[in-house]
Structure formats: structure tokens, C-alpha cells
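First the structure, in the form of C-alpha cells, and then the observations on it.
Order of listing sets the numbers, starting from 1, for every ligand and every atom in it.
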Amino acid sequence: MKRVYLDWNATAPLLPEARDAMLDALSLPGNASSVHIEGRKARAVIDKARDKVAALVNASAAHVTFYSGATEAANALLTPNFKMGKSRLTISRLYVSAIEHPAVREGGRFAPAAVEEIPVTHDGVVNLDALAELLDIHDKSEGLPMVAVQAANNETGIVQPISDVAELVKSHGGIFVVDAVQAAGRIPLDMNEIGADFLILSAHKIGGPKGAGAFVSRGEVMMPDALLRGGGQEKGHRAGTENIAAIAGFGAAAEFQRADMAERVAAIGARRDRLEAAFRAAAPEILIHGDSVSRLANTSFFSLPGFKSETGQIAFDLEGVALSSGSACSSGKVGESHVLKAMGQDASLGGLRISIGVSTTDEEIDTAIAAFEKIVARRKQAAAPSGAAA
Ligand code: PLP
């Protein structure tokens, strides 16, 4: 059976452009810190990738710091200890939206008691009034507030009003961190327009390799104390010999995503919408989370009342379709969705997430629809009183 991969928000397949860039980089012998020609060639690969990652979010290359992934970038950023040029900056509290990815929600290097949740509305959008109240009562004598709100949610695809959040945070003199991991390449992101101080990116969600990420800063003056200390790589912000191949792949993926984004996203959105229309026709009771607000065009997160997400995930898998239960944790176990819970939904219901991308075909969408229709028909049959079908 030909497998159909519809779990792009978990990780996107490696783009051929990224693979080529990585293979070229893998054959370079040099260390990017060395001054000889071999070293300088390795350095050039990193510089090129930095330009491309910066261009994806209209930032300056000097403001891109590479890490081993978005999780490490988040842990580097979420710290009470910052430098502002030569002086120190203290951040006393971190406010994170209730639907953040665990990489952010865990609060990085803040003490757990210093991390506070910002609620979201029933529609899955960060509650700006609640954030304003939290910032109003923030005690600045202890330190500045830091706010982390994602650009788009990994489970529902719901796009967050980050420019409005930025305005609020700035008016309270705070620092604003945006996890743009799922939004990158799917909606336009402009560092100058968003008003964030830092943006977090991950290579493997945009068609690059797993194990590379970055944060993009607004400038170079305000930076967090390094998480990994040692050598002077990444201007001392991230010690350790650079993973040149992964960084090269990240750059190539960023370049791919920047070109023709609007056309690509429109085609992906049309496929997602066709899939959802067919799902609604087959099961009118389906709940599609976030369908009334702005969502990423590639994501569909849905629940069927009375249908457990584990059961659904396995049923699709048996039909050859890889999707995820939005609540799957990294351990592979399925827990309650903290996102649905934060939205005030019955989290025990669970949800199934289909997320697609640039190489998803109409045939693959047809396969997913056929699988869904089969699963729904089977469910109806099982629910019918015995003998009713005869
Ligand atoms: N933030 C979001 C929204 C994500 O979806 C993910 C990955 O699932 C991460 C952060 C972590 O990214 P990485 O796998 O690069 O550490």
C-alpha cells in the first residue's frame, strides 16, 4: 500500500533543494572557525544560509543566531538574564500563552513560579484583555516582563494576532518573543512589521533537516546570556562547532519558502478546503477546530464526538494515511490536548490533525477522504443496533 504522509506540522519532508545543499556541505572538510581556505569555505556556507534565513523574515543576517533547533533557541531566549550592550537587564516574569508548544510553555530557564499563562478565547486566540490585565499588574520594580506568544498554533493552525500583542507588550516596556516555527513559510513574516524582539524558527518544519533552528533578534544590543558556553561561535551566543550541513539545508529550505509563497499557500489551502468539505459531507457532526478564525492554510484539526483520537489515528494508519493526534507528545504517547483544554473544549475528546504541504497531491487528498469515509461508515455500522444493517 502506498503511504500518504499528512503530518507536515510534526515534520515536513526534506526538500530536494535542502538535501542538495546538505550533501555539498557534507563534503567540506573544514571547520568554520579555521582561517585556512577549507575553514573559510565552511564559513561561507554558514554565511549564505544566514542570509537566506534572514530574508525569509525580512531581517538582517547579522541578527540570525543558529541553534540545534527551535527548542534550543527557545531555551536560550527564555531566561531572566539578558545583556543590553554592556549593562544587564533583568526579566522577572515570563507570560506564555496557554497554547504554546512545550518548548516555550515549559518556560526555559525561568523558575516555574515566575511563569504565568495567558488564557486564550474559546476560538483559540490569545486573550488580549487578559494579557493587558497581567501586564498592568506586573511589578516592574522586580524586573521587566517577557511575553511569548506563537505566530500560529501547531495543533489547530490558528494564527495569533502577534502585531496586537507586540503593541501591548511594548506599551508595557516588555520583551516579546514569537515562536514562528509553524508560521514560517506559510504566512508572510516581516521582522520589521511584527514588532517582536525575537522570532524563533525551526528548519525541519519548512523542509530543512531536523536538528537546526534559529532565533532572529531585532538588533544585536539586547541578547540573552548564552545557554551553551564555550567557544566563540555565533558571536559567543551559542558555543560549539556549527552543524554546517544542517545549517546549509536550513538556508536552502528558507530560500525555497520565500519564493512564490502566495501561490503555493493558495494551492495548499484549496486542497485542505476540499478535504474538509468532503469530511463534513461524510460526517456532518465533525468539529473542525478554529474554522471560524484565521488559520494556516495547510492544517485541519478535527474531532468526531465519541471517537477517540488514538482510535482514529490507528484507523487512518491502517488505511495508509499518516496523520497525528494533535495531542501526541514527544514520547509517542497520546495525552489530553492542552490546546483544546485551553480553548475550553472537552479535551478528553481529543482531535486528529491533518497537515499538508507543497508536495501533497490531489490523489493523496482523495486517499485521505476515502479513508475517512470508510472509517465513518464502519463507526456507523458498529453503532447500529445488531441486525439493523440486515
Ligand atoms: N514550536 C512549535 C510551534 C513547534 O511546533 C515545534 C515542533 O514541534 C517546536 C517549537 C520545537 O521545534 P524543534 O523540533 O526544532 O525543537
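In terms of protein heavy-atom proximity, atom 14 (O) of ligand 1 is closest to His204 NE2, 2.8 Å. Closest to atom 4 (C) of ligand 1, if we only count protein heavy atoms, is His101 CD2, 3.2 Å. Distance from atom 7 (C) of ligand 1 to its nearest protein heavy atom, with residue and atom name: Lys205 NZ, 2.8 Å. Looking only at protein heavy atoms, the nearest one to atom 12 (O) of ligand 1 is Ala70 CB, 3.3 Å. Closest to atom 15 (O) of ligand 1 among all protein heavy atoms lies Ser202 OG, 2.7 Å.
Under a 4.0 angstrom heavy-atom cut-off, Lys210 registers as lying outside contact with ligand 1. Distances shorter than 4.0 angstrom do not occur between any heavy atom of Gln150 and any atom of ligand 1.
One distance of note links CH2 of Trp8 with CD1 of Ile356; it measures 9.0 Å at 0.5 Å rounding.
Side chains of Thr79 and Asp225: a donor-acceptor N/O pair is absent below 3.5 angstrom, by distance only. Residues His204 and Thr11 bring a donor and an acceptor atom of their side chains to less than 3.5 Å of each other. Counted by atom type alone, Glu100 and Ser97 present one or more donor-acceptor pairs between their side chains at under 3.5 Å.
With respect to Lys41 and Asp24, no salt bridge is recorded, no charged nitrogen being found less than 4.0 Å from a carboxylate O. Salt bridge Arg3/Asp317: present, at least one basic N to carboxylate O contact under 4.0 Å.
Close contacts between ligand 1 and Gly69 involve ligand atoms 15 (O) [criterion: under 4.0 Å to a heavy atom].
In this pair, Phe372 and Phe316 present their aromatic rings parallel. The plane angle is below 30°, not in the 30 to 60° band. Between Phe198 and Phe215, the ring-plane angle classifies as perpendicular under the 30° and 60° cut-offs.
On a distance-only criterion, Asn154 and ligand 1 share no N/O pair closer than 3.5 Å. At a 3.5 angstrom cut-off on N or O pairs, Gln182 counts as close to ligand 1.
Of the listed options Asp179, Thr71, Ile200, Thr71 places a heavy atom closest to atom 16 (O) of ligand 1.
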